[in-house]
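Beneath this line is the structure, given in C-alpha cells, with notes to follow.
Letters A, B, ... mirror the listed sequences (proteins, then strands); counts begin at 1. Only this structure's heavy atoms are used, side chains among them; waters, hydrogens and symmetry mates stay out.
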Number of protein chains: 2
Amino acid sequence: MTTEENIINAAKEVFVRKGFQGAKMQEIANEAGINKALLHYYFRSKEKLFEQIFSGAFQQLIPALSKKLDEITDIESFIRFFVPFYVDFIQKNPHLPQFVLHELSQNPDRIRSLAANQGFPLSKLSVMIDRAVAEKKIRPIETHSLVINILGLIIFPIIARPMIEGVIFNQNTKSYQNFMAKRSDEVVETILNSIKPQSN
Amino acid sequence: MTTEENIINAAKEVFVRKGFQGAKMQEIANEAGINKALLHYYFRSKEKLFEQIFSGAFQQLIPALSKKLDEITDIESFIRFFVPFYVDFIQKNPHLPQFVLHELSQNPDRIRSLAANQGFPLSKLSVMIDRAVAEKKIRPIETHSLVINILGLIIFPIIARPMIEGVIFNQNTKSYQNFMAKRSDEVVETILNSIKPQSN
DNA sequence: AAATGGTTTAACCATTTAGTTAAACTAATA
DNA sequence: TATTAGTTTAACTAAATGGTTAAACCATTT
C-alpha cells in the first residue's frame, strides 16, 4: 500500500467518523501512522484532502446501479432489486449517509463536487412508473416521491440509530440489530403495499 | 428579554446552524450582541451552554403530543393527526433534526440528556395497532416499524434537502418547495396504504 | 561513491479559540 | 452619599490546530 493510499484510507475513516470540522490533521496522521507534515506534503491542505475523499464517496454505488437498471423494466422488480442492494451497501458504510448529509447541510455548494450529480437515472424510473400506472398495477405517484420514500425508509433508521436505539429500543443494541436485520424485507413490503392501486 | 434568554436564543441559532464543533463562542456572542466573556459568566463553558440548548431541543414537542394521544384511540386517526402535526413542527425548525442526529452520532451518550427519553408513548400506540390488526383493519406490523417509517418519511426529505434539491430537482428550489408543500398528504397516503390489510 | 530526486521527519510559526482576570459600570440599598 | 451585589467589558492566557521549513533519509542513477 502506497503512502498516498494509506493516507486516503485513514482520512476517509476520520472524516466520515468526525466530519470536516471534527477531523484533525494530527488525528489523520496518527491513524495513518505518519507525520503530520507528510499529510501536507501529499495533500497541500485539509480542504484539498477533504474534497478528494468527499467526491469519491458516491462513485462506488452509481455504476453498479445504472448497469442493473438496463436489465430491469418493471417497477416492482426494480424495488425488489434496489432495496436489498442499497440496504446492504449502507449497512457496510453506516456512517456515510450522516457524513454526506451533514457536510451538505453545512455547505450545500459541495453538491457540485458530488459525482451523483451526473448520476441517478430518474428518467428510466419514470418510464417504469408511468407504464405501471397506466396498466393500473400501481396507484398514481410521482417519481420523486417514490424515490424519496424508498431512500428515507432505508437511510433514516441508519442515521437515527442512536436516537432509535435509545428512545425506541431502550438502549438495547440487540433489539436494534434484530430490527435492522429484517429492515430490507420490511421496506420492500411497505413500499410495494404503499403503491398498490386503491381498491375503493 | 433578559441577557440570559438573549444568549440562549443566539446560542440555539448558532449551535443548530453550525453544530457543536462548528459553533464558536465569539460567533454566539456576536449573534447575541454581547461580549464573549459574558457568555462564560452566564454559562461557564461551551459544553454547559450546549447541554442547555440540546436538552431543550425536544421538550417543545412531547407535551402537546402526549395530551392529544389521550383523545385518540384508533391508529388511522393518530396517523392523520400526527403526520401534519409533526411535518408542521419540523418545517418550522428545519435544521433541528440534522442538528440532533449529527450531535447524537458524534456522541451517542448525549441521548441521556434528551427529554424524549422519558417521552415517546409507544405503549399507547401498540395498543391501537394490536386492536386494529385483530379487527383486520390493518396488516400485521410492529409498532417500532410503523413509527420509524412515519418518522423517516417525514424527516428524511428535510435533512437531505441539499441532496434532493441538487440531485433530484436539479437545483430548482421552487420544485423542492412545491414537493414539500404536498409532503404531509403524501406521507399520510403512503403510510395508510402501506398498512392496509393484504387483499390476496 | 557522488550526485540527484523524491520522501519523511522534527521543530517551528501564525492563527484561532475556549476560557480567565481585573477593572469599570449600574442599580439598588443602607 | 457610600456601600454593595450583580453585570459587562477589554485585555489577557494557554492550548490547539493548520500549515511551513529546513534538514535528514533513502533509493536510484551516473
Requested in this report: Using the six-membered ring wherever Trp is involved, compare the ring planes of A/Phe50 and A/Phe54 and label them parallel, tilted or perpendicular (cut-offs 30° and 60°).
Outcome: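 A/Phe50 vs A/Phe54 ring planes: parallel.
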Query raised in the report: Can you say whether the rings of A/Phe85 and A/Phe81 are parallel (under 30°), tilted (30 to 60°) or perpendicular (over 60°)?
Result: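 The arrangement is parallel - the two ring planes meet at less than 30°.
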Query - From B/Ile195 atom CD1 to B/Ser145 atom OG, the distance as rounded to the nearest 0.5 Å - result: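 That separation rounds to 12.0 Å.
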Report task. Could you pull out all residues at least two apart from B/Phe89 that satisfy ring pair (Phe, Tyr, Trp, His ring centres under 6.0 Å)? Result ->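 Expected list: none.
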Would you check if there is a donor-acceptor pair between the side chains of [Y] and [X] at a distance under 3.5 Å?
{"X": "A/Asn107", "Y": "A/Glu103", "value": "no"}
{"X": "B/Ser194", "Y": "A/Thr190", "value": "no"}
{"X": "A/Ser77", "Y": "A/Asp74", "value": "yes"}

Query raised in the report: Are the aromatic rings of B/Phe99 and B/Phe15 close, with centres under 6.0 Å apart?
Result: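 Distance test on ring centres: not under 6.0 Å, no.
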**Report entry** Contacts of type side-chain hydrogen bond (donor to acceptor under 3.5 Å, both in side chains), residue A/Glu31, not counting sequence neighbours
**Finding:**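 None.
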Query raised in the report: Can you check whether A/Thr3 has a side-chain N or O nearer than 4.0 Å to OP1 or OP2 of C/dT8?
Result: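 Looking at the OP1 and OP2 atoms of C/dT8, one of them is under 4.0 Å from a side-chain N or O of A/Thr3.
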Report task. Walking along DNA chain D from 5' to 3', note the first and the last nucleotide with an atom under 4.0 Å from a heavy atom of chain A, and give both. Result ->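 Using the under 4.0 Å cut-off, the span is D/dT17 to D/dT21.
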Requested in this report: Taking only heavy atoms on the protein side, list every residue of residues 35-45 of chain A lying under 4.0 Å from any atom of DNA chain C, sorted numerically.
Outcome: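 Within residues 35-45 of chain A, the residues near DNA chain C are A/Asn35, A/Ala37, A/Leu38, A/Tyr41, A/Tyr42.
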Query raised in the report: Looking at DNA chain C, which of residues 9-27 of chain A put a heavy atom within less than 4.0 Å of it?
Result: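 DNA chain C contact set from residues 9-27 of chain A: none.
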Query raised in the report: Can we say A/Glu76 and A/Arg131 salt-bridge, meaning some charged N sits less than 4.0 Å from an Asp/Glu carboxylate O?
Result: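 Looking at A/Glu76 and A/Arg131, the cut-off is not met.
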Query raised in the report: Are there more than 12 heavy atoms of other residues, nucleotides or ligands under 6.0 Å from atom NZ of B/Lys137?
Result: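 Incorrect, the count does not exceed 12.
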Query raised in the report: Quick check: are there more than 12 heavy atoms from other residues, nucleotides or ligands sitting under 6.0 Å from NZ of A/Lys12?
Result: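 No - once you tally the heavy atoms of other residues, nucleotides and ligands closer than 6.0 Å, there are 12 at most.
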**Report entry** Dot-bracket line, read 5' to 3' along DNA chain D, where crossing pairs take [ ] and | marks a partner on another strand, Watson-Crick or G-U under 3.5 Å
**Finding:** ||||||||||||||||||||||||||||||
